[in-house]
2 protein chains.
Amino acid sequence: MARKIKLDKRSRQILQAVVAYHINTAEPVGSRTISRKYNFNLSPATIRNIMADLEEMGYLQHPHTSAGRLPTELGYRIYIECLNAAPAEGCQLLSKEERKKFAEFDEIDKLLRYTCKILSSTTNYIGIVLAPKMTRMIFKHISFVQIRSNTVMVIFVSDSGLVQQNIIRLQKEYSQEKLDKMANLLNKKFKNISLLEVRRNLLEMIRQDQITYDELLFRALKLEDEILESQEDAKIFIDGHLNIFSEPEFNDLNKMKAIFETFEEKNQLLNILDSCIKDGGIQILIGSENQIAEMRDCSLVTSVYVAGNFIRGTLGVIGPTRMNYSAVIPQVEYTASLVSQTLSNV
Amino acid sequence: MARKIKLDKRSRQILQAVVAYHINTAEPVGSRTISRKYNFNLSPATIRNIMADLEEMGYLQHPHTSAGRLPTELGYRIYIECLNAAPAEGCQLLSKEERKKFAEFDEIDKLLRYTCKILSSTTNYIGIVLAPKMTRMIFKHISFVQIRSNTVMVIFVSDSGLVQQNIIRLQKEYSQEKLDKMANLLNKKFKNISLLEVRRNLLEMIRQDQITYDELLFRALKLEDEILESQEDAKIFIDGHLNIFSEPEFNDLNKMKAIFETFEEKNQLLNILDSCIKDGGIQILIGSENQIAEMRDCSLVTSVYVAGNFIRGTLGVIGPTRMNYSAVIPQVEYTASLVSQTLSNV
DNA sequence: CTTAGCACTCATTAATAGAGAGTGCTATTT
DNA sequence: AAATAGCACTCTCTATTAATGAGTGCTAAG
């Protein structure tokens with residue numbers, strides 16, 4: 001009868017060792033290497049047997065007969081699960097200056113751009129940030145500024161004090177006074193709720209005849225429409241393209257090109273990040289688990305960030321499947337918490 | 001005595017042929033090729049003699065004894081000069097939609113980003129645009145909007161109707177009314193002049209006691225200071241990184257990496273583009289003529305763009321030295337004229 | 001001045017051999 | 001039964017060599 005095969009403690013330790021070593025070297029790992037570098041007190045032959053078992057279980061693989069082993073995607077998954085059991089608590093993930101800077105931005109775009117840069121520079125992989133949908137933003141204050149006849153700048157100040165502005169064109173011309181009136185109305189009646197809710201509430205109030213400024217309100221509603229429509233597709237920030245030049249798995253121009261093209265065509269990335277919002281928390285997509293064929297050699301570590309109690313967007317890191325998960329995961333987690341803090345501060 | 005060597009008409013035609021052929025194929029060009037593909041009615045041997053002369057004159061070079069010839073930078077220079085003699089007039093450089101879109105932007109940033117994309121997509125090289133210095137911008141209208149205590153958004157509407165906004169922090173808090181007063185003063189007194197001149201004029205008027213609102217003016221001046229200081233380094237837009245993946249001369253990861261690093265570190269590019277402003281018109285930097293070592297295999301075709309009669313910035317295309325100058329030069333010229341038109345329209 | 005002919009050069013490609021890393025299996029030890 | 005030592009085997013990687021071919025440079029003839 002065949003030997004019983006299960007993932008006992010020792011096998012798992014060997015697996016961890018193989019994955020960890022491979023992450024460092026990017027090379028297939030041989031039995032002799034593990035025997036020498038780790039203190040299992042086992043001969044290469046024994047380790048070889050265990051590795052053969054791990055291969056049969058689907059955690060390791062063989063590029064060819066006489067090469068060492070490397071992890072399968074399943075192998076990485078196990079590795080990561082075991083990591084989570086012992087998170088690197090209390091370590092200093094960012095310098096004091098880097099942390100302080102999060103609170104110093106006036107504009108959402110700049111905050112997110114900085115966040116993205118932090119993600120890429122601390123991990124040496126590619127940072128990626130999905131900006132919040134503006135319609136979900138809770139605002140403290142809205143202003144309208146007439147730019148030209150029919151053209152108005154809308155300035156949102158979110159409850160966290162961050163600014164985002166938008167220029168929209170309207171069918172009708174409004175004087176600056178009218179615009180100020182509208183802004184005042186919105187600011188007084190609808191503090192601390194999102195644009196979507198503003199719209200819903202306005203419609204409700206009209207239905208119930210609770211307000212009389214019909215004409216003005218009608219205009220305000222129209223304006224809302226324009227604002228909602230004028231939203232471009234959600235923005236994605238990407239930083240650190242250069243980092244993948246250093247990764248040996250991308251030493252191939254065609255692979256490199258494919259990945260760069262994926263970044264250029266942001267829709268696919270957007271879908272993935274968007275779906276991470278639904279699942280919430282930290283998400284780790286290993287290799288082909290992400291749906292982009294060109295990125296089957298990449299992993300994606302993402303976390304949602306929040307403002308108050310509401311999820312606002314996603315941020316994360318893209319790197320080779322062989323990425324340094326033990327460093328990246330806490331970094332993404334921590335960065336998300338900093339962004340959330342900044343967005344939640346009133 | 002040595003044979004007399006000069007660039008007669010026939011030699012120049014051969015040179016043109018060699019350069020043109022090399023631009024198409026990226027390969028060294030042999031005498032037989034020229035003899036067959038062009039109607040000089042000369043045998044390869046004769047062409048070989050002429051090519052040897054061209055080499056001695058410094059227009060062609062030899063990678064090794066038994067390879068064909070390719071142009072030196074000097075060779076490209078001659079080639080381009082002869083091109084300019086007969087520009088491709090009347091050809092359709094952009095579609096109607098592409099052209100129309102230039103007039104449809106409300107924000108300077110978006111206009112320039114689009115311009116950059118046009119430059120890269122039409123030439124299949126890298127588009128590059130240096131944004132105008134805001135202090136030189138002539139404005140039609142300025143607004144101040146209070147965002148928070150001590151924080152103000154400054155909105156410039158340029159004479160061409162394009163908007164640029166900036167958020168600045170001030171030492172003192174100003175009420176929205178004060179801000180409006182200041183804006184009004186600026187808008188009334190100083191229409192159609194640049195920020196730099198506004199500042200100069202304000203100082204002059206104070207000196208001559210022509211105005212009495214001393215306190216308010218003092219604040220306005222302070223505000224000006226902040227605006228000028230808050231300017232980040234001039235912005236550069238770059239688009240079309242992907243295009244260089246298709247160029248055979250960058251089939252080398254290290255070269256590629258070096259170039260990408262140059263783009264990341266924008267200062268050097270900025271210096272080059274800035275110096276193009278001084279020289280004005282169309283500039284062509286071939287190969288090592290640009291001062292960036294990593295870009296010694298690249299050429300740069302730039303043109304300034306204007307608003308009214310004043311030069312505002314530079315735009316252009318970066319590609320391999322072996323770029324298709326006959327297509328790129330008119331394209332850069334034409335795009336610059338479109339941007340200039342847009343910025344000059346009142 | 002132009003051209004044909006021919007030897008020569010040099011990069012590129014394919015084929016071959018040798019080295020080295022690592023496994024898989026078997027027999028032996030604990 | 002688990003661990004180990006020994007050894008043949010596999011497969012990649014590197015260096016060497018040889019063959020190919022494009023293109024020149026030179027000389028002599030038209």
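Each chain gets a letter, A, B and so on, in the order the sequences are listed, and its residues count up from 1.
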The side chain of [X] lies closest to which of these nucleotides: [options]?
X     : options               : result
A/S66 : D/dC11, C/dT3, D/dT24 : D/dC11
B/S43 : D/dT24, D/dT4, C/dA4  : C/dA4
B/H64 : C/dG5, C/dA11, C/dT23 : C/dA11
A/R69 : C/dA4, D/dG25, C/dG24 : C/dG24
A/H62 : C/dT3, C/dT23, D/dT24 : C/dT23

Between [N] ([atom2]) and [X] ([atom1]): distance, integer Å:
X     : N      : atom1 : atom2 : value
B/I50 : D/dG25 : CD1   : P     : 13 Å
B/R48 : C/dC1  : CZ    : P     : 18 Å
B/M51 : C/dT3  : CE    : P     : 15 Å
B/D53 : D/dC26 : CG    : P     : 12 Å
B/N49 : D/dG23 : CG    : P     : 17 Å
A/L70 : C/dG22 : CG    : P     : 12 Å
B/E27 : D/dG23 : CD    : P     : 9 Å
B/R10 : C/dT2  : CZ    : C1'   : 9 Å

Legend entry - A/D8-A/S11 side chain donor-acceptor pair, cut-off 3.5 Å: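 Short answer, yes.
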Inset, instruction - Return yes if a side-chain donor-acceptor contact under 3.5 Å exists between B/S288 and B/E73, otherwise no. - result: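 The answer is yes; a qualifying pair exists.
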Inset, instruction - Specify the residues of residues 32-42 of chain A, ordered by number, for which at least one heavy atom lies under 4.0 angstrom from an atom of DNA chain D. - result: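 Only A/N41, A/L42 qualify.
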Inset, instruction - Using the six-membered ring wherever Trp is involved, compare the ring planes of A/Y325 and A/Y76 and label them parallel, tilted or perpendicular (cut-offs 30° and 60°). - result: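 A/Y325 and A/Y76: tilted rings.
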Inset, instruction - Please work out which of the three classes, parallel, tilted or perpendicular, describes the rings of A/Y38 and A/Y21, given edges at 30° and 60°. - result: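 Perpendicular, since the angle between the ring planes exceeds 60°.
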Legend entry - Atom of A/R12, atom of A/C82 and distance for their closest heavy-atom approach: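 For A/R12 and A/C82, the tightest heavy-atom pair comes out as CD-SG, 3.4 Å.
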Legend entry - For the student: nearest non-hydrogen atoms of A/H22 and A/R322, plus distance: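 Closest approach of A/H22 to A/R322: O-CD, 3.3 Å.
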Legend entry - Neighbour count above 12 (heavy atom, 6.0 Å) for B/E261 CD: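 Check passes, neighbour count above 12.
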Legend entry - Donor-acceptor pair present, B/T46 side chain and C/dT2 base, under 3.5 Å: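 Looking at the base of C/dT2, it does not pair with any donor or acceptor on the side chain of B/T46 (distance under 3.5 Å).
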Legend entry - Under-3.5 Å donor-acceptor pair between B/T65 side chain and C/dT9 base: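 A donor-acceptor contact between them is absent.
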Inset, instruction - Identify, between B/P63 and B/I47, the residue whose nearest nucleotide on DNA chain C lies closer to the 5' end. - result: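 It is B/I47 whose nearest nucleotide is closer to the 5' end.
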Inset, instruction - Check every strand shown and say whether A/A67 touches a base, only sugar-phosphate, or nothing at a heavy-atom separation below 4.0 Å. - result: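 The residue A/A67 makes sugar-phosphate contact but no base contact.
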